[in-house]
Amino acid sequence: MEIENIVANTVLLKAREGGGGKRNGRSKKWKEILKLPHISQCEELRQSIEKDYSSLCDKQPIGRLLFRQFCDSRPGLKRCIEFLDAVAEYEVQPDEKRGDCGLKILDTYFNNGSAAHLPELPQDTVKECKESLEETPCKELFKNCTRVVHDYLSGGPFAGDRKS
């Protein structure tokens, strides 16, 4: 009985290793499946891919991460990314905590004396946000502000990222 267990375990280990032969599970079939096409075949695909801010920096996770790294290296852009992160955090807050979180965002990013002040935001948009927060702190409170920040980031900063 003990010998049968040893044989069964040995067979199981060999199967997990991919056969245990000298090829170690590497087959021609898998090599063929994992083979990348020639660069000339990818040229058409390269031309068809959208290269705008929304596609690269919002929808694609790797492009989003690379753009964030680019923005982290510049203090003015880093504030914009931190603002967008704070708004994303605000939107997922429960209703009871949303008002306090909104006030914190207002103090941090909208006050002229603040270290993280965003000068890109027009004063009328800021005033609108303050008034809406005092009335009812809803999820879409900072929608216009985030649109303005995204518009700003999609201009010069995005062009700078593409060049780097």
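When reading the values below, keep in mind they use all heavy atoms of this one structure, side chains included, and skip hydrogens, waters and symmetry mates. Counting from 1, the numbers follow the sequence of the chain as shown.
Shown are Glu89, Lys97, Glu96; of these, the side-chain hydrogen bond (donor to acceptor under 3.5 Å, both in side chains) with Gln93 is made only by Glu89.
Considering only heavy atoms from C-beta on, His150 comes within 4.5 Å of Leu84 through its side chain.
The pair Arg147-Asp151 counts as a salt bridge, with a side-chain nitrogen and a carboxylate oxygen less than 4.0 angstrom apart. At a threshold of 4.0 Å, the pair Arg68-Asp85 counts as salt-bridged, since one of the basic side-chain nitrogens sits closer than that to a carboxylate oxygen.
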- request: With side-chain contact (heavy atoms from CB on, under 4.5 Å) as the test, would you mind laying out the steps for Phe67 and Ile62 before giving the verdict?
  value: CA-CA 9 Å; Phe67 185 69; Ile62 294 173; over 6 Å; no

field: Cys71/Lys78 under side-chain contact (heavy atoms from CB on, under 4.5 Å): CA gap, chis, key distance, verdict
entry: CA-CA 5 Å; Cys71 290; Lys78 186 175 184 177; 5.7 Å; no

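In the hydrophobic clustering of this structure, Leu153 does not group with Leu65; members are Ile, Leu, Val, Met, Phe, Trp, Tyr whose side-chain heavy atoms approach within less than 4.5 Å, directly or through other members.
Taken to the nearest 0.5 Å, the CZ atom of Arg74 stands 14.0 Å off from the CZ atom of Arg79.
Taking the ring pair (Phe, Tyr, Trp, His ring centres under 6.0 Å) definition, one finds that Tyr90 meets it with Phe142, sequence neighbours left out.
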